[in-house]
There are 2 protein chains.
Amino acid sequence: MEDRLERIKKQLHSAGYKLTPQREATVRVLLEHEEDHLSAEDVYLLVKEKSPEIGLATVYRTLELLTELKIVDKINFGDGVSRYDLRKEGAAHFHHHLVCLECGSVAEIQEDLLEDVEAIVEREWKFKIKDHRLTFHGICHRCQQKHEEK
Amino acid sequence: MEDRLERIKKQLHSAGYKLTPQREATVRVLLEHEEDHLSAEDVYLLVKEKSPEIGLATVYRTLELLTELKIVDKINFGDGVSRYDLRKEGAAHFHHHLVCLECGSVAEIQEDLLEDVEAIVEREWKFKIKDHRLTFHGICHRCQQKHEEK
DNA sequence: CTGATTGCAAACCGTTTGCATTCTT
DNA sequence: AAGAATGCAAACGGTTTGCAATCAG
């Protein structure tokens with residue numbers, strides 16, 4: 001955890017950005033909530049608990065910065081809110097999501113699964129793939145069980 | 001084209017909605033621009049050419065209606081704008097997109113491609129898939145050629 | 001020191017909503 | 001006639017921006 005933070009700091013630094021307490025606090029929150037898909041506002045509130053003087057605009061600017069450096073991925077499940085996901089270290093590609101239409105939960109799939117599909121797309125459509133977004137909408141296991149109980 | 005319009009009208013009707021000139025004009029625009037990925041504003045401006053008295057709110061309400069009836073899919077490429085895509089008739093699943101990072105063009109893939117992946121996800125994650133969203137980000141064929149010319 | 005970064009408030013912009021009016025059925 | 005649908009303008013909510021004050025390097 002702490003070493004992960006160090007590496008991110010180094011990335012910021014070598015990209016010519018300053019290491020402010022606000023940026024560190026923001027990255028810390030992201031590290032502590034890897035599994036959640038936090039909105040900017042969520043991050044803001046969490047950072048505020050530890051560093052109450054921070055402003056929402058700074059959080060937005062930091063998240064934008066981290067997105068630019070590919071430390072974080074900005075995603076969008078169709079409600080009008082952007083969410084921010086820490087990239088797994090060494091992950092070339094973005095992970096996939098399972099969004100439950102009933103309870104709204106979001107699960108992650110780390111496995112690639114798309115290698116074959118990408119090969120087809122690159123060959124047939126002559127499209128050089130840089131990244132992908134794959135989201136499945138459906139009913140999660142827990143909600144399925146709820147139905148069976150009735 | 002005209003028969004497609006008729007069928008959509010019928011769908012609206014049998015869902016208990018009225019057939020107003022504004023709704024017809026909006027559907028017409030969507031049919032005439034199937035390949036484009038129009039935003040609500042785009043649709044509004046196009047409808048306005050033929051029916052200048054229409055209001056933006058009505059376009060939003062109609063698009064919402066069509067989305068609800070699954071005549072149209074609401075998509076979101078990450079810029080803060082929703083776009084609306086007419087569903088191919090008989091298409092069970094949503095089609096995929098290729099977004100070019102350089103020129104911004106959006107191509108469509110009608111083929112399913114995800115059957116195998118979906119089978120894996122349903123089995124391994126016990127997730128009942130209802131729909132999916134798959135977008136590839138990369139460089140389109142034309143932009144690749146532009147590079148080679150240099 | 002000096003330019004980068006911050007916090008605040010105001011501006012933005014796509015979208016939604018309240019309401020009186022108009023139109024389908 | 002009666003409820004649904006419309007147009008307008010105002011409200012909304014997430015995000016961005018201008019600016020003076022502050023801070024990191």
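Predicted model, so just to flag it, every value in this text is computed and none were measured. By convention in this document, chain letters (A, B, ...) are assigned in the order of the sequence lines, proteins followed by strands, and residues within each chain are numbered from 1.
- Using a 4.5 Å heavy-atom cutoff, the side chains of L66(A) and L86(A) are not in contact.
- Among the heavy atoms of the strands, none lies under 4.0 Å from P52(A).
- dT5(C) atom P lies 15 Å from atom CG of L63(A), rounded to whole Å.
- For the residue pair Q22(A) / E24(A), no side-chain donor-acceptor distance below 3.5 Å is found, with atom types taken as modelled.
- Residue pairs meeting the side chain to side chain donor-acceptor pair (under 3.5 Å) criterion with at least one member in residues 50-69 of chain B, sequence neighbours excluded: Y17(B)-E68(B).
- Distance CG (L12(A)) to P (dG25(D)): 11 Å, rounded to an integer number of Å.
- Atom CG of L65(A) is separated from atom C1' of dT6(C) by 13 Å (rounded to the nearest Å).
- Distance, K48(A) NZ to dT6(C) P: 15 Å, rounded to whole Å.
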Quick one, I71(A) with R87(A), criterion side-chain contact (heavy atoms from CB on, under 4.5 Å). Give me CA distance, side-chain angles, the key distance, then yes/no. CA-CA 6 Å; I71(A) 292 165; R87(A) 251 191 208 211; over 6 Å; no
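- The ring of Y84(A) has its center no closer than 6.0 angstrom to the ring center of H37(A).
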When you check every protein heavy atom under 4.0 Å of nucleotides 9-20 of chain D, what one-letter string (B, S, -) results, 5' to 3'? -----SBBBB--
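- For L19(B), taking side-chain heavy atoms from C-beta onward, the closest of the listed nucleotides dG7(C), dT6(D), dT25(C) is dT25(C).
- Between the side chains of H95(A) and D85(A), at least one donor-acceptor pair of N or O atoms lies under 3.5 Å.
- As a whole-Å value, the separation of K9(A) NZ from dA24(D) P is 12 Å.
- The distance from atom CD of Q22(B) to atom C1' of dA5(D) is 8 Å, rounded to the nearest whole Å.
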Pairing string of DNA chain C (Watson-Crick or G-U wobble, both atom distances under 3.5 Å; | = paired to other strand) is |||||||||||||||||||||||||
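- Side-chain N/O atoms of T20(A) include one lying less than 4.0 angstrom from OP1 or OP2 on dT6(C).
- Contact annotation: R23(B) side-chain N/O to dT6(D) OP1/OP2 distance is under 4.0 Å.
- In this structure, the ring of H96(B) has its center no less than 6.0 angstrom from the ring center of F136(B).
- V43(A) and L5(A) fall within the same hydrophobic cluster, defined by Ile, Leu, Val, Met, Phe, Trp and Tyr side-chain heavy atoms under 4.5 Å apart, directly or through other members.
- Nearer the 5' end of DNA chain D, as judged by each residue's closest nucleotide, is the contact made by K18(B), out of K18(B) and Y44(B).
- Atoms NE2 (H13(A)) and C1' (dA4(C)) sit 12 Å apart, rounded to a whole Å.
- Cation-pi geometry between R133(A) and F94(A) is satisfied (NZ or CZ under 6.0 Å from the ring centre, within 45° of the ring normal).
- Rounding to whole angstrom units, CG of residue N76(A) and P of dT15(C) are separated by 11 Å.
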